[in-house]
Amino acid sequence: MATKKEEKIETVKKTVKKTVTKAAVKVAEAALDVAEKAVNKAAEIVKEANTPIITPKDAKIPAGPLELKWTNYKNHQKLVNPANKRRLDVIVVGTGLAGASAAASLAEMGFNVLNFCIQDSPRRAHSIAAQGGINAAKNYQNDGDSIYRLYYDTIKGGDYRAREANVYRLAEVSNNIIDQCVAQGVPFAREYGGLLDNRSFGGAQVSRTFYAKGQTGQQLLLGAYSALSRQIGKGKVKMYTRYEMLDIVMIKDENGENRARGIIARNLVTGRIERFFAHAVVVGSGGYGNTFFLSTNAMASNGSAAMQMYRHGALFANPCYAQIHPTCIPKHGDFQSKLTLMSESLRNDGRIWVPKKLEDAKRLQAGEIKGRDIPEEDRDYYLERRYPAFGNLVPRDVASRAAKERCDKGYGVNNTGLAVFLDFSDAIQRLGKDVVAQKYGNLFQMYEKIVDEDPYENPMMIFPAIHYTMGGIWVDYELQTTVKGLFCIGEANFSDHGANRLGASALMQGLADGYFVLPYTIQNYLSDQIGVPRMSTDLPEFAAAEKAVQDKIDRLMAIQGKRSVDSIHKELGLIMWDFVGMGRTAEGLKEGIKKIDAIKKEFWSNVYIPGDANHLNNELEKALRLADFIEIGRLMAVDALHREESCGGHFREEYQTPEGEALRQDDKFSYVGCWKYMGEDKEPQLIKEPLDYEFTERKTRNYKN
Ligand SMILES: Cc1cc2nc3c(=O)[nH]c(=O)nc-3n(C[C@H](O)[C@H](O)[C@H](O)COP(=O)(O)OP(=O)(O)OC[C@H]3O[C@@H](n4cnc5c(N)ncnc54)[C@H](O)[C@@H]3O)c2cc1C
């Protein structure tokens, strides 16, 4: 029997043992924590060291001063003589501003062009929807504009995430575009004296935007279309409308390197799958904003051509850079399949506000009062308040986030609370209703038709929506992808806009690529191809590519599940908006990726496509595009997760200033994030193109003073 004293000693021993064990466990845990952090850091360093880098030489950036790079390039590039041009065929996919201008220019120069589009006429490409205008550094207003200033505004507007050499070239050729289009007869707006008129767009303090009322894209596309039609008439362009490219055909050259040598396309009317050869393939297939289901893009806009290039080894650059436009008509119901843009030009004269008082916002949401009932002193013109220097003309990313901030705080209007006002009462008083109608009449009419409210009488309601994708296929200075003979132009490439596009710069970029850049740079490639004979489409590579397309269609048609394509697409869109939308977090993005993976499974096991594949079948077309949107959505989330900073349209909530502005991490993320396809269901590999700014000082974007 133990004595009391011995028992006490035993208890003390046990307590000491417990305490020591607890302390030891804590020490061990802390040591593990430190070790884990060290291992992670080491893994990061190894990963960083193993991340392939694209050098300026790889990107073919010409040497020399910024303003001479393009001139030097043109002086030294290889040319193709007229007799040889006739022997070379070029496929151009797309008839938007990029594709139509490229096809017309290449044919005018003497190449044989095969031009494809989904729509029943080249004129119905999505570009026709562009409303507000196109930038150029003409300085017609004598307000201090210059090529350098357009370059600088574009670089700054893109949050210093674009290539200097490309942006300078874009600003340089901007003036040629206006001359070219005027010569074609594009009816740009003119002042009373007959000179071309300009207006202002976000992110600029000068008026450099050329416009044709609210239909600039339509007029520019008619110009490009007339140039294209001339070449169709001359037999230099063979036009394939209602054809959808479903794959690119690669054929190895004598060195065993893959080259793009043609495409497989489906005739959308007959369902027939056909093969086409060319010495080079140019893709101008537009942006992938419809990944979000609801966007301002045309219904047929898609990212499938981009994914076909990606799967063949072209890199996908900055997929997470998507633009959210602040002035769209708010969503009004669950059965909606399209959002409508109210052009940014409206911000020239319209003033954006929400009520100052929460009780007014609640009464507006309940439909008890209208915007016009709120007196001036109770209105919060929050953009003018927060950004006095730029006011309502801050860039789109800034304006969109500011609207979200007000709505999140409960000051939003509309029955959903997800809208702000865009008010013309001041402008109507200052200029008169007639002048406002002259400038913006068609947009006002469109608004009234959709919302059933007269915007001359009551302020418009607007809310941010997905609009444009700055990310896209990586191209070098020559607009060539990492696949030889495969070029990418317009919105489909990763373009010159960095992390955010300034309004009126997409039309500029598409037409710069098509009229003024590609027609030069493609010759550098084609000059080496003059000895390559036309190849037969009976080659095994064509047959294999066609079979792969057919197999994919057969697999989709065989599913015969229970869900419509749109219902799955809508679900994807909601996930994208909630987890990969305006405010992104690491946690949310990880969750989003899981959800997108689940959607992929659902799609490939439960989609229902009626009819058959050998006729016109809209549901099949949509299903093929949705399969790719799912992959793009995942890639966007992966890219957004890796980019631990906020820049332009990419806003990571963890990285913001105390005032809620985007916080870049220049020391870590000043690069183009390019993703390489590693195989079905495998994680893509990151490749970086560092953006070492030589000519521009990076600054924190400031639109306040
Ligand atoms: C509502 C709206 C208004 C806008 N307003 C302006 C503005 O005022 N100023 C401005 O600068 N920008 C504006 N933009 C942006 C601008 O319109 C686009 O970025 C630009 O028009 C894109 O041109 P693109 O030639 O690259 O592509 P698109 O015009 O999208 O053309 C794509 C072409 O590719 C074809 N295609 C696609 N996939 C395939 C395939 N697999 N096979 C065959 N063909 C295919 C299509 O049929 C089409 O012909 C606006 C955008 C929207 C949505």
Side-chain angles (χ1 to χ4, degrees), residues 91-103 115-136 177 199 201 209-212 214-221 224-225 228 239-248 263-266 268 282-290 295-298 300-309 323 325 327-329 338-345 396 443 446 465-470 472 488-493 495 497 501-514 621 624-625 628:
I91 284 176
V92 177
V93 178
T95 59
L97 285 174
S101 58
N115 194 191
F116 294 80
C117 73
I118 291 171
Q119 291 82 2
D120 54 359
S121 158
R123 277 175 302 143
R124 301 189 79 174
H126 156 77
S127 289
I128 204 154
Q131 300 171 350
I134 176 168
N135 285 334
I177 297 172
R199 54 191 178 196
F201 262 53
T209 304
F210 293 77
Y211 65 100
Q215 304 165 343
T216 316
Q218 180 175 354
Q219 299 308 328
L220 292 173
L221 193 58
Y225 174 68
L228 182 63
M239 189 67 235
Y240 294 89
T241 57
R242 303 293 279 130
Y243 271 80
E244 183 158 1
M245 172 173 83
L246 294 183
D247 205 1
I248 299 154
I263 68 168
I264 304 294
R266 181 167 179 268
L268 298 177
V282 178
V283 179
S285 55
Y288 52 90
N290 277 348
S295 88
T296 60
N297 290 7
S301 291
N302 69 89
S304 292
M307 287 316 268
Q308 289 152 31
M309 293 187 269
Q323 176 161 83
H325 197 301
T327 59
C328 303
I329 298 182
K338 171 92 186 69
L339 290 172
T340 306
L341 176 77
M342 287 285 100
S343 167
E344 179 162 310
S345 60
R396 292 172 182 180
L443 299 170
M446 203 158 77
I466 283 285
H467 178 65
Y468 181 88
T469 44
M470 282 78 65
C488 189
I489 56 176
E491 192 175 338
N493 72 25
S495 79
H497 312 296
R501 175 178 68 91
L502 291 184
S505 293
L507 302 184
M508 174 172 67
Q509 184 231 334
L511 290 180
D513 286 2
E621 290 168 31
L624 283 161
R625 293 173 203 152
D628 290 318

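Quick caveat: nothing in here was measured; it's all calculated off a predicted structure. Whatever order the structure lists ligands and atoms in, that order sets their numbers, starting from 1.
- Residues meeting the side-chain hydrogen bond (donor to acceptor under 3.5 Å, both in side chains) test with Asp247, sequence neighbours left out: His312.
- Remark: Arg123 pairs with no residue by the salt bridge (Lys or Arg N to Asp or Glu O under 4.0 Å) rule, at least two apart or across chains.
- In this structure, Arg266 is not positioned above the aromatic face of Tyr243 in the sense of NZ or CZ being under 6.0 Å from the six-membered ring centre and within 45° of the axis.
- In summary, the side chains of Ser301 and Asn290 do not present any donor paired with an acceptor at a separation below 3.5 Å, with no hydrogens or angles considered.
- Applying the side chain to side chain contact (heavy atoms under 4.5 Å, CB included) rule to Gln218 yields the partners Ile128, Gln215, Leu222; only residues at least two apart in sequence or on another chain are considered.
- Taking a heavy-atom cut-off of under 4.0 Å, ligand 1 is surrounded by Val93, Gly94, Thr95, Gly96, Leu97, Ala98, Phe116, Cys117, Ile118, Gln119, Ala125, His126, Ser127, Ala129, Ala130, Gln131, Gly132, Gly133, Tyr243, Glu244, Met245, Gly284, Ser285, Gly286, Thr296, Asn297, Asn302, Leu341, His467, Tyr468, Gly490, Glu491, Arg501, Ala504, Ser505, Ala506, Leu507.
- Side-chain atoms of Asn302 and Glu244 form no donor-acceptor pair, as typed in the model, at a separation below 3.5 Å.
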